[in-house]
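Data block below; observations after.
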Amino acid sequence: MATNKSNITLTGLARRFVDDGLLDEATAKDAFLQASQNRIPLITYLTQNQLADSAKLAFSAAMEFGVSVLDLSSYLPEMMPEGVVDEKLVRKHNALPLYKRGNRLFIAVSDPTNLQALDEIKFNTGLSTDAILVDDAKLREAIDKHLESQDTTMGDLDDTDLEGVETEGDDQDDDGVSAQSDVDDAPIVKYVNKMLLDAIRIGASDIHFEPYEKVYRVRYRTDGMLKEVSRPSIKLAPKISARVKIMSQMDISERRVPQDGRIKMKLSKTKAIDFRVNTLPTLWGEKIVLRILDPSQAKLGIDALGYEDDQKQLYMDALSQPQGMILVTGPTGSGKTVSLYTGLNILNTVDINISTAEDPAEINLEGINQVNVNNRVGLGFAEALRAFLRQDPDVIMVGEIRDLETANIAIKAAQTGHLVLSTLHTNSAAETLTRMMNMGVPAFNIATSVSLIIAQRLGRRLCSACKQPGDVPKDVLLAEGFTQEQIDTGFTLYRPKGCDKCNGGYKGRVGIYEVVKVTEQLANMIMEEASSIKIAKQAEAEGFRNLRQSALLKVIEGVTSLEEANRVTKD
């Protein structure tokens with residue numbers, strides 16, 4: 001399915017980066033392979049996955065090709081020519097027109113080997129093109145700002161009404177015509193749009209609209225933590241609820257049962273954000289939660305998710321198999337969907353047929369056949385799986401295994417030459433296996449079909465700008481689970497501080513994983529119907545780190561704090 005890394009001979013930029021000490025040989029080969037499969041420049045792949053500093057990559061590339069580097073942060077945006085190069089070409093080639101002199105157009109690029117970009121822009125504009133080397137991270141940021149500044153749909157994204165909001169959902173006849181007119185007043189529209197936009201700006205993952213007896217509050221979940229951001233008048237609760245339901249294509253006259261919907265907010269001609277919306281009747285009104293769906297997360301690459309090298313290799317090896325089952329487990333919001341779609345994105349080539357059944361599909365990915373299950377019309381996970389098996393599949397993804405029927409069909413698919421990916425709601429890899437036994441799946445079928453189990457959590461990443469070293473006594477480190485060998489080797493334990501670039505000392509999140517391959521010994525224990533405790537001990541004996549050990553490794557690496565490791569993994 002993929003080229004063997006050992007057969008790759010590094011040349012050009014990849015070799016230069018290794019020689020300059022920016023990458024080791026193995027990382028460079030793996031990055032070269034992944035960039036080729038994702039059809040993106042090597043420098044862009046390295047920057048997106050934070051494998052090397054983008055400024056150092058630019059300097060190294062400049063030395064290789066004997067050119068100078070321009071600092072885009074000091075370049076004035078108003079000097080950029082507007083409308084000269086089509087937006088699609090700018091996005092396609094990650095190339096930004098900087099200025100025009102006579103018949104010559106100077107183009108900012110981060111990859112000096114990208115001659116196709118210069119040729120295509122030259123053909124489309126009729127101008128001679130010259131490349132100027134820039135930092136890849138700054139280039140992508142400048143492209144986003146440049147294209148948004150040209151877009152008139154959203155203006156400057158201030159608090160005015162947003163005409164670029166589009167909605168999509170199930171067509172239905174609403175009985176709430178009078179209710180709709182009740183929420184057409186500008187202040188409500190303006191307020192809801194502002195809440196959605198502010199959440200996108202700060203990188204929130206969820207928005208909670210919550211009514212209580214005397215107050216109404218709005219909270220954002222950022223980096224896994226909820227924070228109150230607004231308290232509108234309780235009198236506005238019905239109007240806010242109705243406005244969100246209209247945007248989500250829900251029945252605004254129905255307040256007695258939960259409803260699901262979806263909002264597509266168009267930020268510009270090239271960028272749109274989806275929201276998955278759910279309403280829940282509570283004692284004092286309808287609570288509404290919006291999950292912000294970011295399709296770009298699935299295209300970050302496996303290196304950006306936080307897998308350790310050995311864990312990543314286990315996942316890649318399982319993905320390269322023609323059959324078997326990969327199970328991802330963890331609580332809601334732990335990043336299971338992103339892990340699965342990262343794997344699907346790696347497999348997503350023209351010679352592979354991939355189908356998914358989800359409730360609902362959160363990430364749209366071209367080249368994958370995605371199905372939303374709808375139990376109201378008789379299309380559940382089991383029915384979708386049966387249909388997939390009649391559609392000549394290579395890879396099947398089931399959003400969640402909830403019942404015995406779905407489990408049995410998925411296992412049969414994994415045993416008959418298909419690669420199956422799915423999720424379960426359990427706390428660890430070992431509990432995933434015993435959970436399937438408790439559902440009624442024969443132990444033999446589990447042992448012969450499940451090839452890999454990934455249990456995961458999301459922990460907050462320490463801000464690199466302000467994290468500070470801390471001092472913890474050795475006896476406390478031992479009590480927390482660090483080994484004597486780790487303590488003797490020595491490491492710096494960091495703590496959050498807080499600055500204007502982060503949220504209380506943390507910025508972004510990182511995955512913490514337990515990745516267990518079903519070996520022959522584990523398969524024998526499954527067939528003997530061993531308990532999850534015994535399976536977990538055997539997995540640890542075979543060298544597979546559990547969630548706690550993986551979290552402590554992130555602490556040793558300075559990625560997160562001991563407090564955060566305790567928050568997400570301590571019993």
Side-chain angles (χ1 to χ4, degrees), residues 17-18 20-28 30-31 46-57 59-60 137 203 222-225 300-313 334-335 455-515 540 543-571:
F17 295 154
V18 173
D20 286 351
L22 301 180
L23 301 169
D24 58 52
E25 192 93 13
T27 302
D30 187 59
L46 293 171
T47 305
Q48 287 180 342
N49 291 283
Q50 301 175 358
L51 295 177
D53 181 80
S54 59
K56 292 180 180 178
L57 290 172
F59 181 76
S60 181
T222 309
D223 294 339
M225 305 297 285
L300 286 177
I302 193 169
D303 293 302
L305 301 185
Y307 287 94
E308 301 298 332
D309 288 341
D310 57 336
Q311 295 176 332
K312 181 183 77 172
Q313 193 57 50
S334 61
Q456 66 180 80
R457 302 289 187 274
L458 282 179
R460 290 179 293 171
R461 190 187 293 267
L462 280 167
C463 173
S464 58
C466 69
K467 66 179 182 181
Q468 56 185 12
D471 188 22
V472 178
K474 287 187 178 180
D475 57 333
V476 175
L477 292 177
L478 285 170
E480 290 289 356
F482 292 96
T483 66
Q484 187 64 52
E485 182 183 356
Q486 288 171 333
I487 296 172
D488 291 341
T489 303
F491 61 89
T492 302
L493 189 146
Y494 289 94
R495 284 182 167 154
K497 180 181 179 182
C499 65
D500 56 358
K501 295 181 179 179
C502 63
N503 297 311
Y506 297 96
K507 186 176 182 181
R509 289 194 286 178
V510 63
I512 296 169
Y513 303 94
E514 175 186 13
V515 183
E540 187 176 346
F544 300 117
R545 285 185 298 277
N546 60 31
L547 283 166
R548 179 63 179 171
Q549 292 166 341
S550 294
L552 294 180
L553 197 56
K554 289 285 187 291
V555 175
I556 292 173
E557 294 167 352
V559 174
T560 192
S561 66
L562 181 57
E563 294 88 345
E564 184 65 7
N566 287 340
R567 185 182 73 86
V568 296
T569 64
K570 197 160 188 177
D571 296 332

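This one's a predicted model, so the numbers in the text were calculated from it and none came from an experiment.
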[atom1]/[X] to [atom2]/[Y] distance, rounded to the nearest 0.5 angstrom?
X	Y	atom1	atom2	value
Thr569	Asn546	OG1	CG	8.5 Å
Tyr506	Thr222	OH	OG1	15.0 Å
Ile512	Gln549	CD1	CD	13.0 Å
Lys507	Cys463	NZ	SG	6.5 Å
Ser54	Leu46	OG	CG	10.5 Å
Leu462	Glu557	CG	CD	12.0 Å

Could you tell me whether the side chain of [Y] reaches within less than 4.5 Å of the side chain of [X], counting heavy atoms only?
X	Y	value
Phe482	Leu562	yes
Val472	Arg495	yes
Thr483	Asp488	no
Leu458	Val568	no
Phe491	Leu477	yes
Asp30	Lys312	yes

CD/Gln468: more than 12 non-hydrogen atoms of other groups inside 6.0 Å
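Enclosed.
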Test: Glu308 and Lys554 ion pair at under 4.0 Å
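A salt bridge links Glu308 with Lys554.
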Minimal non-hydrogen separation, [X] against [Y], with atom names:
X	Y	value
Ala31	Leu51	CB-CD1, 4.3 Å
Cys466	Cys502	SG-SG, 3.8 Å
Asp310	Arg545	OD1-NH2, 2.8 Å
Leu547	Ala455	CD2-O, 3.5 Å
Val555	Ser561	CG2-O, 3.6 Å

Quick one: which residue pairs count as a salt bridge (charged side-chain N to carboxylate O under 4.0 Å, His left out) with a foot in residues 463-481, not counting sequence neighbours?
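Salt bridge (charged side-chain N to carboxylate O under 4.0 Å, His left out) check on residues 463-481 returns Glu480-Arg548, Glu480-Lys570.
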Sub-3.5 Å donor-acceptor pair from the side chain of [X] to the main-chain atoms of [Y], do we have one?
X	Y	answer
Gln456	Gly335	yes
Thr560	Arg460	yes
Ser550	Tyr513	yes

Between Ser60 and Asp20, does any side-chain donor sit less than 3.5 Å from a side-chain acceptor?
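Note: Ser60 and Asp20 side chains meet the donor-acceptor criterion.
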